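Report on the following structure.
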Amino acid sequence: MNHWLAKSEPETYSWSQLVQDGQTAWTGVRNFQARINLRAMKVGDQVLFYHSGETKDIVGIAKVVKAAYPDPTAKEGDWVCVDLAAVKPLPNPVILATVKADKALKDMVLVNNSRLSVQPVTKAQFDHVLKLAAG
DNA sequence: GCCAACGTTGGC
DNA sequence: GCCAACGTTGGC
């Protein structure tokens with residue numbers, strides 16, 4: 001199983017929206033690097049849900065419920081999306097400053113390339129974030 | 001509100 | 001095919 005981090009501005013699509021919807025099509029990704037990651041996603045992979053902008057924190061865990069398929073919102077170009085479902089919120093959201101300050105997470109893509117909207121996360125990083133979130 | 005980082009576009 | 005200019009994103 002692989003682990004990922006998906007980024008969204010709360011104003012655009014928030015974690016609470018995902019919880020309310022149960023699951024959603026993760027559309028609108030128009031970035032080559034992110035597309036590679038989308039295509040590598042398998043059903044059952046776990047995804048950290050990160051809010052950029054106001055709060056800048058990892059707030060919940062989602063999972064892939066449908067692997068990459070053509071993005072219906074793409075007018076042109078070979079873009080894909082996946083379906084994500086909410087799994088559970090983190091007991092304590094992990095803010096970006098905490099991630100940055102933690103040596104175990106210094107290689108996270110979130111730290112080094114925060115603009116990438118779909119990022120790979122190692123199992124060690126994933127587990128560490130969960131540990132931080134547990135308090 | 002500013003600026004750094006990154007991606008994309010367009011002229012050559 | 002290179003690179004400058006520009007637009008966008010996101011952290012501060």
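Residue numbers begin at 1 in each chain, while the letters A, B, ... track the order of the sequences. Computed from a predicted structure; not experimentally measured.
Between the P atom of C:dG11 and the CD1 atom of A:I95 lies a distance of 12 Å, rounded to the nearest Å. Here C:dT9 presents its C1' atom at 17 Å from NE2 of A:H51, a figure rounded to the nearest Å. Between the CE atom of A:M108 and the C1' atom of C:dG10 there is a distance of 16 Å, given to the nearest Å. Going from atom CG of A:L110 over to atom C1' of B:dC6 covers 16 Å, rounded to whole Å. A:Q33 has its CD atom 18 Å from the P atom of B:dA5, to the nearest Å. Here B:dT9 presents its C1' atom at 18 Å from CZ of A:R30, a figure rounded to the nearest Å. To the nearest angstrom, P of C:dC12 lies 6 Å from NZ of A:K56. Put simply, CH2 on A:W79 is 12 Å from P on B:dG7, counting in whole angstrom units.
Heavy atoms of A:L116 sit nowhere under 4.0 angstrom from any nucleic acid atom.
Using a cut-off of 4.0 Å between Lys/Arg side-chain N and Asp/Glu carboxylate O, A:D78 and A:R39 are scored as salt-bridged.
Side-chain nitrogen and oxygen atoms of A:K7 include none within less than 4.0 Å of the OP1 or OP2 phosphate oxygen of C:dG11.
Although no hydrogens or angles enter the test, the distance criterion places a donor-acceptor pair under 3.5 Å between the side chain of A:K56 and the main chain of A:G53.
Counting all heavy atoms, side chain and backbone alike, A:H51 lies closest to A:T55 at CB-OG1, 3.3 Å. Between A:N31 and A:W79 the shortest heavy-atom distance is N-CZ3, 3.4 Å.
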